[in-house]
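Letters go in sequence order (proteins before strands), and every chain restarts at 1. All values below were derived from every heavy atom in this structure, side-chain atoms included, with hydrogens, water molecules and symmetry-related copies excluded.
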Amino acid sequence: MTRARHYILATLLIALATHLFVVYLTPKLIMSRVMGVMSERAAMASTADPDTSPATAYIEDDRATALRSRAGWNTALPARRADASSRTIVKPSPDLLYTACLFDLSEAPLQLTGPVTDSYASLSGFADNTDNFFAINDSSLVADATGRKFFNVVLRHPDTPETPLPAAATLVESPSTRGIVLFRTLIPGEDQLDGLYRIQAQQRCEPVS
Amino acid sequence: MITATLRRNHVGNIVRWLLAGVCGTLLGIGSVVLAARFIGNAAFIENGPWHTSLATGSREAGPYLRLVVAGAGLLALNRSEAIYFFADTDSNGDKLNGACTYQVAGQLPQSRWWSLTVYGADHYLIPNNERRYSASPANSGGSAVNQLEVVVGPGRLDDQAGDNWIPTANVAHFQLTLRLYQPGAAAATNPAAISLPSIVKEGC
């Protein structure tokens with residue numbers, strides 16, 4: 001009898017441990033898998049990638065080198081408009097242009113910049129457990145002296161080494177060293193798509209050195 | 001004789017411990033699925049055929065809602081930025097079927113921008129010849145900013161004017177996602193009480 005009780009107790013303890021393990025680790029595993037897939041694709045940096053945005057044609061700086069040297073991390077990854085072949089992230093909106101940035105703040109803070117137009121655009125951050133820890137949109141931005149509005153955020157983690165931060169940037173603290181940042185740019189009409197790809201080409205995600 | 005008994009006991013013990021391990025693991029995984037279904041889904045607020053959660057994406061999301069969102073709504077924004085309403089059934093409670101035609105119409109809550117998107121059961125966009133996946137103020141013709149009137153189904157309605165149609169390509173089951181960007185206070189604080197479009201089956 002006592003022995004049977006031991007086995008039942010062991011079964012229940014294993015069940016409890018498995019339960020907690022699965023509940024807390026699954027979101028992290030899903031995020032890590034998504035980041036892995038995005039990084040692999042980005043590192044290939046090939047135009048054959050079906051998710052490559054036409055925006056890449058408008059990128060003038062030497063982004064390709066950064067892409068290769070950082071294996072897709074800490075650099076802007078513009079995606080083309082979502083359609084039925086977009087299968088990396090669930091429920092993509094075909095009405096938005098997404099630019100992702102896989103961040104790793106263990107060595108340096110990251111500066112996120114990008115101009116906005118009159119229509120909806122947002123910049124948001126997701127921790128390694130999927131939590132959306134910050135989101136700002138164009139309507140909260142203040143125009144500069146020339147009347148232009150742009151995102152200017154510096155992302156850091158409490159463990160990120162201290163560095164002088166760029167002026168005028170909004171400082172955001174991430175609860176995890178790794179995660180995903182997303183620029184969302186609304187497509188208010190087909191005729192504006194090309195112009196928005198040019199905006200997308202200017203969205204940047206660069207380590208602060 | 002004694003050695004044989006001992007060996008039998010030994011093997012019996014190993015089998016029992018293995019059984020405890022396998023049963024425990026299965027029980028653990030099974031209980032997560034049940035908990036996600038009941039506790040995770042209980043975090044959703046119902047409004048007719050639509051459901052939403054005020055905690056989606058936010059740090060207040062409990063572990064079970066986080067699990068549901070990680071599986072079906074990864075990288076979703078928190079409620080100050082956007083609210084997502086999901087529908088798996090029509091206004092009568094019947095599962096949305098890609099072979100049937102539905103009229104999705106009604107007043108939308110105040111927001112800066114909205115869109116209605118059709119997703120397959122796998123949470124991805126459904127391939128279709130027209131490459132149409134959503135309705136929004138951009139492609140809904142003359143609709144007023146906060147008015148939705150769109151046909152969702154395998155084909156257009158016979159008497160339908162305009163191109164307010166999202167194809168479902170005859171898939172067995174599909175879902176609707178209504179996104180409200182920068183929602184007004186009513187939708188953001190009390191989504192159960194606002195008026196949302198109805199989803200009426202016109203035929204199959």
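For the pair A:Val23 and B:Pro63, the tightest heavy-atom approach, listed with the atom from each and the gap, is CG1-CB, 3.4 Å. Of all heavy-atom pairs between A:Asp95 and B:Ser136, the closest is OD1-OG, 3.9 Å.
Counting heavy atoms of neighbouring residues, nucleotides and ligands inside a 6.0 Å radius, atom CD of B:Glu130 exceeds 12 of them.
Taking CZ of B:Arg16 as the reference point, atom NE2 of A:His6 lies at 13.0 Å (rounded to 0.5 Å).
For chain B, the nearby parts of A:Ile89 are the backbone and the side chain; heavy atoms of each come within less than 4.5 Å. Looking at A:Leu20, there are no atoms closer than 4.5 Å to chain B (heavy atoms on both sides), in backbone or side chain. Both the backbone and the side chain of B:Ser31 have a heavy atom closer than 4.5 Å to some heavy atom of chain A. The parts of A:Ala82 that come within reach of chain B are both its backbone and its side chain, each placing non-hydrogen atoms under 4.5 angstrom from that chain. Heavy-atom distances place the backbone of B:Ile126, and not its side chain, under 4.5 Å from chain A. Residue A:Leu9: no heavy atom, backbone or side chain, is found under 4.5 Å from chain B. With a 4.5 angstrom heavy-atom cutoff, B:Asn13 touches chain A via backbone and side-chain atoms both.
The candidate from B:Val22, B:Asp122, B:Leu27, B:Val32 with the greatest count of non-hydrogen atom pairs under 4.5 Å with chain A is B:Val32.
B:Leu26 places none of its side-chain heavy atoms less than 4.5 Å from the side chain of A:Thr18. Taking 4.5 Å as the limit, some side-chain heavy atom of B:Arg112 sits within range of a side-chain heavy atom of A:Asp138. Taking the side chain as every heavy atom from C-beta outward, B:Thr117 and A:Pro94 approach each other to under 4.5 Å. Taking the side chain as every heavy atom from C-beta outward, B:Leu77 and A:Phe126 approach each other to under 4.5 Å.
Heavy-atom proximity under 4.5 angstrom to chain A picks out B:Arg179, B:Tyr181, B:Gln182 from residues 179-198 of chain B. Residues of residues 112-120 of chain A having a heavy atom under 4.5 Å from any heavy atom of chain B, listed by number: A:Asp118, A:Ser119, A:Tyr120.
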